[in-house]
Each structure stands twice: as structure tokens, then as C-alpha cells.
> 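Handing you a structure now.
Proteins get letters first, then strands, A, B, ... in listed order; numbering begins at 1 in each.
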Number of protein chains: 2
Amino acid sequence: MAKKQVTIVDIAKELNISPSTVSRALKNHPDISKKTVKLVQECAKRLNYQPNIMALNLRLGKNNTIAVIVPEIVHYFFSSIVKGVEEVAFDEGFNVMLFRSKESYERELKITNSLINARVAGVLASLSKETDKYEHFQKILDNNIQLVFYDRICIGIITDRVVVDDYAGAMTAVEHLIHTGCKRIAFYCSPTHLEISKNRRNGYLDALRKHKLPVEKELMFVCDTREQAMELTPKVLAMDNPPDAFFAINDHTATGILYAIKQAGLRVPEDISICGFSGGDLALACDPMLTTVEQHGYEVGKTAAKLLIDKIKGVTHGQFTNRIVKTKLMVRGTTRKV
Amino acid sequence: MAKKQVTIVDIAKELNISPSTVSRALKNHPDISKKTVKLVQECAKRLNYQPNIMALNLRLGKNNTIAVIVPEIVHYFFSSIVKGVEEVAFDEGFNVMLFRSKESYERELKITNSLINARVAGVLASLSKETDKYEHFQKILDNNIQLVFYDRICIGIITDRVVVDDYAGAMTAVEHLIHTGCKRIAFYCSPTHLEISKNRRNGYLDALRKHKLPVEKELMFVCDTREQAMELTPKVLAMDNPPDAFFAINDHTATGILYAIKQAGLRVPEDISICGFSGGDLALACDPMLTTVEQHGYEVGKTAAKLLIDKIKGVTHGQFTNRIVKTKLMVRGTTRKV
DNA sequence: ATTTGGATCGCAAACGTTTGCATTTTAAAC
DNA sequence: GTTTAAAATGCAAACGTTTGCGATCCAAAT
């Protein structure tokens with residue numbers, strides 16, 4: 001039933017030559033005469049020879065697969081990143097394995113362990129929200145596996161990183177709100193132990209300071225899902241001195257805000273402006289369409305993969321590179337014209 | 001620099017026993033005395049031994065990775081599927097490799113070739129839109145690699161399949177429109193050579209027939225993106241006898257329709273109803289929220305992966321199984337109350 | 001006729017496992 | 001003290017490659 005894979009020695013027998021000659025002929029080694037090369041390659045084609053990658057990997061001690069660990073798969077930003085990774089990996093002849101940490105430290109631990117004994121060539125990682133210990137990533141490095149962090153980077157480990165320009169993105173967004181006349185800008189944000197949260201928060205704060213607006217603690221909230229936003233926003237609107245704009249840490253949250261504002265009978269953007277962060281189709285489905293900071297996950301994925309593959313190939317960029325991919329403010333209907 | 005991986009023979013030397021004993025001790029073979037087992041396992045832990053999967057795979061002629069080919073990565077339905085696949089694969093100890101066909105036959109060909117020489121244990125595939133030849137998939141089967149199709153299945157190849165209940169989903173959706181008073185229901189659809197397109201179309205047609213509504217060719221359009229819908233819909237609304245409802249083959253298209261209808265100054269759902277297909281966050285961001293047929297991609301992915309892994313493990317389900325995962329109509333704001 | 005010296009090719013080891021079989025050790029039975 | 005069976009271990013081949021080195025061959029140069 002199970003037809004055996006045809007191997008190099010099958011070809012050798014067929015042609016009455018040695019396996020070494022076949023091996024060399026297959027890769028056009030100069031030692032082999034054009035005649036045998038031709039013979040071997042024809043025979044290989046005829047028998048439908050496919051090199052056994054496992055044997056090859058074992059022999060060479062190499063591996064052509066890279067792993068990407070992603071907190072969530074069904075997520076515009078992260079799936080864009082994976083797309084970018086797959087794209088360059090494919091072109092470079094690498095296979096990509098996908099793992100989902102589910103925002104869980106435990107799971108992340110299991111994944112990294114399985115990666116090191118799968119002997120992958122490299123791994124691209126973004127921390128889970130839970131993660132606050134980093135030995136498992138150090139262990140990856142210790143096992144001579146290349147590692148680069150993207151987005152949710154790990155400052156404890158020295159290795160390459162690629163991040164999105166959260167600070168500048170947030171700053172630009174808030175400045176846009178200010179330029180279009182907003183004075184009291186609320187900020188909905190994730191827990192601040194995450195780097196990205198911290199950076200966006202700083203962008204928000206610095207934009208306010210730069211334009212001499214007061215920063216008010218009561219306008220900053222921990223709120224990063226649509227559901228939370230739908231619950232929180234009515235209360236915020238009922239404040240004595242409610243905000244005239246909302247800046248949300250992601251688009252899902254922004255859609256929740258938008259919904260709540262409409263429910264309250266207020267107009268967007270005439271009464272209140274909204275700006276999101278993240279990008280994706282969601283923003284276009286809103287009415288009015290959502291002004292948001294586009295993150296270019298695809299670019300993040302591509303540059304991270306390039307960095308990793310370069311390291312695997314031994315191309316050195318200096319010991320420790322840190323790439324930042326720019327964000328872009330997409331001005332649409334939830335903010336006023338200037 | 002590069003500290004060598006510790007192997008089974010390292011342990012053997014350390015303990016002055018043979019590699020075979022170490023190998024057996026590590027897996028608690030009954031032939032080995034509890035004393036040596038304990039010794040070996042302690043030593044393994046101490047030296048941080050990690051089995052070399054490549055060597056193991058080569059020896060056993062097996063492989064614990066499965067591949068999933070997906071037409072697009074940044075896509076709610078497909079990423080949900082991938083999530084499901086990763087979930088069960090992880091639990092079963094399999095790694096998943098991800099490939100994106102980009103809806104291109106050429107790319108699909110390259111992918112399948114690289115898969116067969118990577119000797120993966122199995123592959124999950126959904127056809128690209130371009131694909132109309134199937135030898136490359138037959139080739140996978142010929143190389144003793146397990147194969148199961150999901151969603152965009154291939155009827156030319158006999159193997160397991162898991163699909164979404166397109167026919168029933170479409171039928172239910174259209175019946176819902178009819179029950180809420182719609183008489184002239186337009187259908188926006190992908191090119192009909194795709195199975196899913198064909199099935200949804202049949203569901204649409206049969207619902208009309210069942211309720212004695214005329215089927216009118218001029219109400220059926222090839223249109224499956226937001227952009228196309230934004231361009232086409234105004235023309236459709238300008239017809240002599242315009243439709244009072246739209247059924248779209250996916251939610252992106254539905255959002256385009258919604259946009260165009262609002263632009264035309266008509267009300268949804270009072271004047272015109274809309275129903276989409278696909279699910280995801282998009283539907284909730286719309287105003288009003290989009291009534292749509294939820295596809296449960298996560299379930300599709302899970303059952304497909306289970307099927308595949310069972311086949312890999314040699315569990316036989318009968319020769320050729322065909323799973324259908326049910327859809328669910330999510331009634332929201334773009335259709336009227338009954 | 002002998003020596004060179006490329007040009008071709010084959011031998012065998014190596015990568016890290018697993019496993020059938022042979023071998024040694026142990027301990028019990030005589 | 002010998003035999004015997006069972007328990008514990010080791011030998012070596014195998015999985016499919018690659019590659020350093022040595023072997024062979026043939027033509028040209030001496």
C-alpha cells in the first residue's frame with residue numbers, strides 16, 4: 001500500500017553508481033561529469049525523487065522552520081503580522097509554525113519548551129499579557145535558537161525587537177483631536193504594565209502638555225474592550241464636565257464608545273470626537289467611519305521575519321537592533337474637519 | 001560559543017552505559033531496572049537533555065507537524081479556522097505550519113510541493129479561487145500524506161471534508177427576510193464555480209421557491225467585496241423595480257450595501273433589509289448592527305483538525321467522511337422584527 | 001614507457017535516534 | 001557447585017543525507 005519514498009540510494013542502484021555521486025550530481029557539484037549529472041537528474045525526475053528534509057536537517061544540524069508565537073490569532077493586527085511573516089518566510093524558503101499563547105504564561109512556557117526540542121531555527125514572539133518572567137525566552141537563546149520580539153517586547157532579554165511607534169502614533173492622534181478643537185480628551189487604555197500601553201499613554205500625555213492642556217486623572221480610564229466601553233461610556237458622559245473627545249487604545253473599544261454616544265443621543269463628530277488605534281476593516285464599517293491610527297502589522301511581520309532570517313543566516317546587523325515601524329493617522333468621519 | 005545539544009550518547013558516556021539503555025530508560029521500558037531508569041532520568045534532567053526530534057522523525061519515518069493552507073490569513077472566517085486547528089493540534093502534540101495561497105493556483109502548487117518534501121504528516125486545505133486542477137492534491141495523497149479539505153472543498157479528490165452548511169444557512173437567512181415581509185430579495189454572490197457560492201445560491205433559490213416568490217435573474221449579481229458593493233448598489237437601487245432586501249455572500253459586501261443605501265437616503269431596515277454571511281466583529285460595528293449568518297469557523301477548524309489527526313493516528317472513520325458544521329442566523333438590526 | 005595531474009567517482013563516517021537480537025548478569029532452583 | 005530461567009544491558013543496523021578523503025581512470029607531458 002504505502003509506496004516508499006524514493007531515496008538517493010534508489011537512484012544510485014537504478015544507475016549503478018554510488019549514493020555520493022548521486023548526491024553531488026543533484027546539486028551540480030563540479031566534480032561530477034555533465035553526463036552523469038544529466039543522467040542522475042533525469043532519473044530523479046523520472047522516479048519523482050523528493051529529498052528527505054528530515055535526513056538533511058539531521059545531517060546538517062539545521063532547520064528551515066521558524067515559529068511565531070502570537071497572543072491571539074483572530075485579531076486584525078496579529079493576523080496581519082502573521083501574514084507578513086509568512087510572506088517573507090515563504091520567499092526565503094522557510095516554513096512557519098504558528099502558536100497561540102492565549103495570553104497565558106503557562107501556555108507560553110509549554111510552547112517555548114516544545115520549540116526548543118523541535119530545534120526550530122528561530123522564533124518570533126510577542127509576550128502574553130500575563131507574562132512577567134522571562135527565563136523561558138532566555139532558555140531559547142541558550143539553546144542557540146534565534147529570537148526576535150515584536151510588538152509586545154521583552155526588555156529583560158537582549159535580542160532584536162521590532163515595535164510599532166506607539167508613542168508617536170498616540171501623540172499624532174491626540175494632536176489631531178486638539179487641532180480640530182477638542183479640549184477635554186478622555187483616554188481609554190489597557191493596564192499600564194504593558195509597554196505599548198505605557199507608550200501610548202505617554203504620547204497622549206505629551207500631546208496635552210505640548211498644547212498646554214491640563215492633564216486630568218479623571219479622564220483616563222482602564223478600558224480596552226467593546227463591552228467595557230459600552231458600559232463605561234454612559235457614566236463618563238454623565239460626568240459634571242464630560243469630555244468632548246475619546247481616544248481609545250484599540251478600535252474595538254472605539255466602536256463601543258461610538259455606540260454609547262449615539263445611544264445617548266449625541267452626535268459624532270459634531271458633539272464628540274472619537275479616535276481609535278489599530279486599523280482594520282472595523283473602522284470602515286462604523287457610521288461615521290472611524291478615525292484611527294493604522295499600525296501596519298503587515299510591515300511589522302515582514303521586518304521581524306527579515307531580521308530573524310538574517311540572524312539565522314548569520315548576517316549580522318550589529319549585535320542588537322531595534323526597529324520601529326511608523327504608524328499612520330487615518331482621518332475619517334469620527335473627528336471634525338480642521 | 002554554540003554549546004552543543006546534549007544527546008543520548010552524552011548521557012550514556014556520563015553514566016558508562018550504552019545509548020540503547022539510555023533510550024529505553026528514558027521511556028520507561030520494562031526491560032530496564034528501576035535503578036538505572038532513575039539514574040538516567042536524573043542525569044537527563046541534570047544535563048537538560050532534549051530529544052532531537054529530527055533524528056527521531058528520521059528514524060521512525062514519522063512527523064508531528066500538520067500544515068494548513070489558507071487562502072487568506074487576515075480574514076475573520078479563516079483565522080477562526082486556524083485558531084481551531086491550532087487548538088486541537090496543540091492538545092494532540094502536533095505542530096501546525098501555516099501557508100497562505102493568496103488565492104493563487106501557482107502558489108498553491110509551490111506550497112503542496114514543499115509540503116510533500118517536508119514530509120508533513122497531514123494537510124488541511126481550502127482551495128484558492130483560481131484552482132481548477134487538482135493533481136497537486138492527488139500527489140499529496142500519493143505520497144502517503146493525509147489530507148482533509150475544509151470549506152472550499154475539492155470534489156475531484158476522494159478524501160475527508162468538512163464544510164459549513166452553506167445551503168441551509170442561506171435558506172434560513174432568506175426565509176427570515178421573507179418572514180419579515182420582504183418580497184424582492186437581491187443576492188450578491190461570488191463567481192459560481194466555487195462550491196460555497198453554488199450552495200448558498202441554491203439555498204437562496206429554494207427559499208424563494210418554497211415561499212412561492214418569483215426568482216428573477218436581474219436580482220442576482222456577482223459581487224463579493226465592499227468596494228464592488230459600494231459601486232453596484234446605487235445602480236441596483238435605481239432600477240425600475242428595486243429590491244426591498246439584500247442578501248450578501250459575506251459581511252464585507254453587506255457593509256458596502258449598507259453604506260450605499262444610507263447614502264441614497266434610505267432607511268435600514270425600514271425601507272430595505274440587509275443580511276450578510278460570515279460573522280465576526282464587523283457586524284457589530286455597523287449601525288444598525290448587521291443581521292448575518294454566523295459560520296463558526298472555530299468549529300470548522302477543530303473538527304477538520306480532529307479528522308486529520310485521527311487519520312494520521314490510523315483511527316479509521318469509515319473510508320471517507322463528510323462533516324457539516326451548522327450555521328446560525330444572528331438576527332440584529334438590519335432586518336425588521338417579525 | 002613512465003610520470004604527472006586533472007577529472008570522476010566511491011568509501012565510509014557522521015548526524016541522533018530506536019530496536020531486534022545477542023549477550024551478560026543476577027538470582028533462584030537443583 | 002552447577003544449571004537454568006529471567007532480568008538487565010549492549011551491539012549494531014537502520015533511517016536518508018552530506019562530505020572529506022582516497023581511489024581510479026585517462027590523456028597529456030616527460
Side-chain angles (χ1 to χ4, degrees), chain A residues 2-41 43-44 47-65 93 116-121 143-145, chain B residues 2-41 43-44 47-64 116-121 143-145:
Chain A
K3 41 187 274 193
K4 285 272 281 90
Q5 291 286 356
V6 15
T7 94
I8 257 183
V9 326
D10 293 328
I11 300 184
K13 278 188 192 137
E14 180 90 4
L15 265 37
N16 263 327
I17 57 179
S18 85
S20 11
T21 305
V22 175
S23 172
R24 285 187 255 250
L26 284 173
K27 42 184 58 60
N28 289 308
H29 192 287
D31 270 5
I32 309 298
S33 68
K34 0 269 157 229
K35 188 175 32 154
T36 17
V37 166
K38 187 144 168 282
L39 226 57
V40 167
Q41 299 198 347
C43 183
L47 300 186
N48 187 29
Y49 166 75
Q50 305 281 130
N52 184 319
I53 299 226
M54 300 182 223
L56 200 154
N57 285 346
L58 176 59
R59 177 67 231 267
L60 273 355
K62 290 185 184 177
N63 201 87
N64 69 147
T65 98
I116 94 139
N117 82 27
R119 304 292 205 273
V120 296
N143 279 73
N144 300 308
I145 297 176
Chain B
K3 41 188 275 193
K4 284 269 284 94
Q5 291 287 355
V6 15
T7 95
I8 255 183
V9 327
D10 292 329
I11 301 184
K13 278 188 192 137
E14 180 91 4
L15 263 40
N16 262 327
I17 57 180
S18 85
S20 11
T21 305
V22 174
S23 172
R24 286 188 254 253
L26 284 173
K27 43 183 59 59
N28 288 310
H29 191 288
D31 272 5
I32 307 298
S33 68
K34 2 262 154 237
K35 190 175 28 150
T36 18
V37 166
K38 187 145 166 281
L39 226 56
V40 168
Q41 300 199 347
C43 184
L47 300 187
N48 187 29
Y49 166 74
Q50 305 281 130
N52 183 320
I53 300 226
M54 301 183 223
L56 201 152
N57 285 345
L58 176 60
R59 177 66 233 266
L60 273 354
K62 290 184 183 178
N63 201 84
N64 70 146
I116 94 138
N117 83 25
R119 304 290 205 274
V120 297
N143 279 74
N144 300 308
I145 297 177

> By nearest atom, which of the nucleotides D:dT9, C:dC9, D:dT17 is closest to the A:L56 side chain?
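For A:L56, the side-chain atoms sit closest to D:dT17.
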> Given atom CG of A:L15 and atom C1' of C:dC9, what is their separation to the nearest angstrom?
13 Å
> Kindly point out which of C:dT19, D:dG16, C:dT17 is positioned nearest to the side chain of B:L60?
C:dT19
> Return the set of residues passing side chain to side chain contact (heavy atoms under 4.5 Å, CB included) with B:L56 (not counting sequence neighbours), or none when no residue passes.
B:L60
> Under the side-chain hydrogen bond (donor to acceptor under 3.5 Å, both in side chains) test, which residues partner B:N63, sequence neighbours left out?
B:T65
> Could you pull out all residues at least two apart from B:N28 that satisfy side chain to side chain contact (heavy atoms under 4.5 Å, CB included)?
B:V37, B:Q41
> Contact between B:Q5 and A:N143 at the side-chain level, heavy atoms closer than 4.5 Å - yes or no?
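Of all side-chain heavy-atom pairs linking A:N143 with B:Q5, at least one is under 4.5 Å.
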> Between P on D:dT17 and CD on A:Q50, what's the gap in Å once rounded to a whole number?
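Answer to the nearest Å: 10 Å.
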> Mind checking what makes side-chain hydrogen bond (donor to acceptor under 3.5 Å, both in side chains) contact with B:Q50, not counting sequence neighbours?
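side-chain hydrogen bond (donor to acceptor under 3.5 Å, both in side chains) list for B:Q50, sorted by chain: empty.
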> It should be established whether B:S33 places a side-chain nitrogen or oxygen under 4.0 Å from OP1 or OP2 of nucleotide D:dA7.
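False: B:S33 side-chain N/O out of range (4.0 Å or more) of D:dA7 OP1/OP2.
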> Can you check the B:K38 NZ to D:dA8 P distance for me, whole Å?
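Rounded to the whole Å, the gap is 16 Å.
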> For B:K13, enumerate each residue passing the salt bridge (Lys or Arg N to Asp or Glu O under 4.0 Å) test, keeping only those at least two apart in sequence or located in another chain.
none
> Atom pairs, N/O to N/O, protein against nucleotides 23-26 of chain D, distance under 3.5 Å?
none

> Taking side-chain hydrogen bond (donor to acceptor under 3.5 Å, both in side chains) as the test, write out the residues that go with B:T36, two or more places apart.
B:S33
> Let me know the distance between NZ of B:K62 and P of D:dC15, rounded to the nearest Å.
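Checked: the NZ to P distance equals 16 Å.
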> Pick the closest DNA chain D nucleotide for B:H29 and for B:A55 by heavy atoms, then say which residue is nearer the 5' end.
B:H29
> Taking the side chain as C-beta and beyond, is there a heavy-atom pair between B:T7 and B:N52 under 4.5 Å?
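B:T7 vs B:N52: side chains apart.
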> Return the 5'-most residue of the pair B:P30, B:R119 with respect to DNA chain D, ranking by each residue's nearest nucleotide.
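Upstream on the strand: B:P30.
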> To the nearest Å, how far apart are B:I53 CD1 and C:dT17 P?
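Spelled out: CD1 on B:I53 to P on C:dT17 is 10 Å.
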> Please classify the nucleic acid contact of B:D31 as base, sugar-phosphate, or nothing, using heavy-atom distances under 4.0 Å.
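Base contact - B:D31 has a heavy atom under 4.0 Å of at least one base atom.
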> Taking the minimum atom-to-atom distance to the side chain of B:T36, which one of D:dT17, D:dT9, C:dT17 wins?
D:dT9
> Determine whether A:L39 and A:I17 make a side-chain contact, defined as any pair of heavy atoms from C-beta on separated by less than 4.5 Å.
no
> In whole angstrom, what separates B:L58's CG from C:dT17's P?
12 Å
> Measure CD1/B:I17 against P/D:dA8 and give the value in whole Å, please.
14 Å
> Please pick, from C:dG16, D:dT17, C:dG10, the nucleotide with the shortest atom-to-atom distance to any side-chain atom of A:I8.
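Ranking C:dG16, D:dT17, C:dG10 by closest atom to the A:I8 side chain puts D:dT17 first.
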> Quick one, which residues of residues 18-27 of chain A touch DNA chain D with a heavy atom under 4.0 Å?
A:S20, A:S23, A:R24, A:K27
> Could you tell me how far apart B:N28 (CG) and D:dA8 (P) are, to the nearest whole angstrom?
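Taking CG of B:N28 and P of D:dA8, I get 13 Å after rounding.
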> Distance-only check: which donor-acceptor pairs under 3.5 Å involve side-chain atoms of residues 20-27 of chain B, not counting sequence neighbours?
unit_1	atom_1	unit_2	atom_2	d
B:S20	OG	B:S18	OG	3.0
B:T21	OG1	B:S18	OG	3.2

